[in-house]
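These notes are about the structure you will find just below.
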Amino acid sequence: MGEPGVPRGTAALSPFRKGLEQIEQQSATLQRIAKGLDEFVRDQEGRLAELEQELNDTAMLYVASEQFHAALDPKQILKYVRELLEQLMGAEVFALYLRSGSGNSFVAVASRGVSDSELAQGPPRDGPFDSVIASGRPIIVQGRPLPSGTLSNPIAAVPIMVEERPIGALLLAKLFAHKEGWGQNDQQLLQLLSLRTGPALLAAHLIRRQSDLQGTLAGLGESLK
Amino acid sequence: MARFRCLVVEDSQVMRQLLVFALNRVRDMEVVEAADGVDALRKLQVGRFDIIITDINMPIMDGLKLIKRVRSDESYKLVPIIVVTTEGSQEDRSRALALGANAYITKPIQGPQVVAKVKELLGL
């Protein structure tokens, strides 16, 4: 027997049902909020990863660019060019040629994976090399996986510019086997090499030839007054 | 004072700069640079390091010899070693891992990839 004033049967369960419904509603609301937060966190993580990647790419270009401005020795600059190509781009076979003398002959000044006898022959003519020297525009083969090339048939031929004139060209024949194709930064690195190598080498060469460096530096200040 | 210390062993100045830049993004991480294996051993003797990142092809002492020497030192037996190299063949990878390297990353590297591996090996 129930006590007087206390609801019996389904009526007795009613407040619990109501409470349960409220809890279920709150649970559904919390689940919605949690789902929204999950999506937000995922979105932010993705954005953070993108930003980290962008930061990495910018750092790479900054480091590459800084080397050209810091060095005053032509040999050091060529060492940096090799490092940029090998370490940052993953280039396995390449040769950099510069104009030699006043004629139309070129000499190899930096390379990797090319035999001395092949380098001694000079750049392969009547192909991409002559095209980029004539046009001042790079030729870059696209594709993934990128096929291996040769110096006659390179995957990239890039002019080395000084004041909009080609003074040489970089022929890139092959990337490392574990690198399938061009990376996100590679085009920018090639452009950087195209535009910075020439002026950096020229400036370093002139400084090397200058016997009175102190006097030249003093003269620089005077000339800029 | 930094909670973690990382030794970066790399002869290429360009690559060292990039690695240092990426690793400085890890909270509480101090990065010390060495230009080759001998320089690295000198620095390992005078300081405590929690992780080592090394290239393979270096003058004076290469990365493989360095790993061997580090693993023979009781105090560095368990310190994680990451190899970062242009050598991408399976043979090179197996050799480095057999000598005691914990991870093998081929160049060109992506900073976030190296940082993720460092964090994983340090349990961060």
**Item:** Interatomic distance, A/Met60 atom CE to A/Leu192 atom CG [nearest 0.5 angstrom]
**Value:** 12.0 Å
**Prompt:** Is B/Lys68 paired with B/Asp73 through a side-chain N to carboxylate O contact shorter than 4.0 Å?
**Reply:** no
**Asked** Where does B/Gln13 contact chain A at under 4.5 Å (heavy atoms): side chain, backbone, both or neither?
**Response** both
**Asked** Is chain B contacted by the side chain of A/Ala59, its backbone, both, or neither, given a heavy-atom distance below 4.5 Å?
**Response** both
**Request:** Identify which part of A/Glu66 has an atom lying under 4.5 Å from any heavy atom of chain B, answering side chain, backbone, both or neither.
**Result:** side chain
**Request:** Ignoring hydrogens and angles, state whether a donor on the side chain of A/Gln67 or A/Gln76 is under 3.5 Å from an acceptor on the partner side chain.
**Result:** no
**Asked** Hey, do the aromatic rings of B/Phe49 and B/Phe4 have their centres closer than 6.0 Å?
**Response** no
**Prompt:** Given that the side chain runs from C-beta out, which part of A/Asn185 has a heavy atom under 4.5 Å from chain B: side chain, backbone, both or neither?
**Reply:** neither
**Asked** Checking heavy atoms, do the side chain of A/Leu175, its backbone, both or neither come under 4.5 Å from chain B?
**Response** neither
**Request:** Output the option from B/Gly88, B/Pro108, B/Ser89, B/Ala22 having the highest count of non-hydrogen pairs under 4.5 Å with chain A.
**Result:** B/Pro108
**Request:** Answer with yes or no whether the side chains of B/Gln110 and A/Gln53 bring together a donor and an acceptor at under 3.5 Å.
**Result:** yes
**Prompt:** Side chain, backbone, both or neither: which part of B/Gln90 has an atom under 4.5 Å from a heavy atom of chain A?
**Reply:** neither
**Message:** Please determine whether side-chain contact (heavy atoms from CB on, under 4.5 Å) holds for the pair A/His205 and A/Leu201, giving the CA-CA distance in whole Å, both sets of side-chain angles, and the decisive distance to 0.1 Å.
**Reply:** CA-CA 6 Å; A/His205 177 61; A/Leu201 282 171; 5.9 Å; no
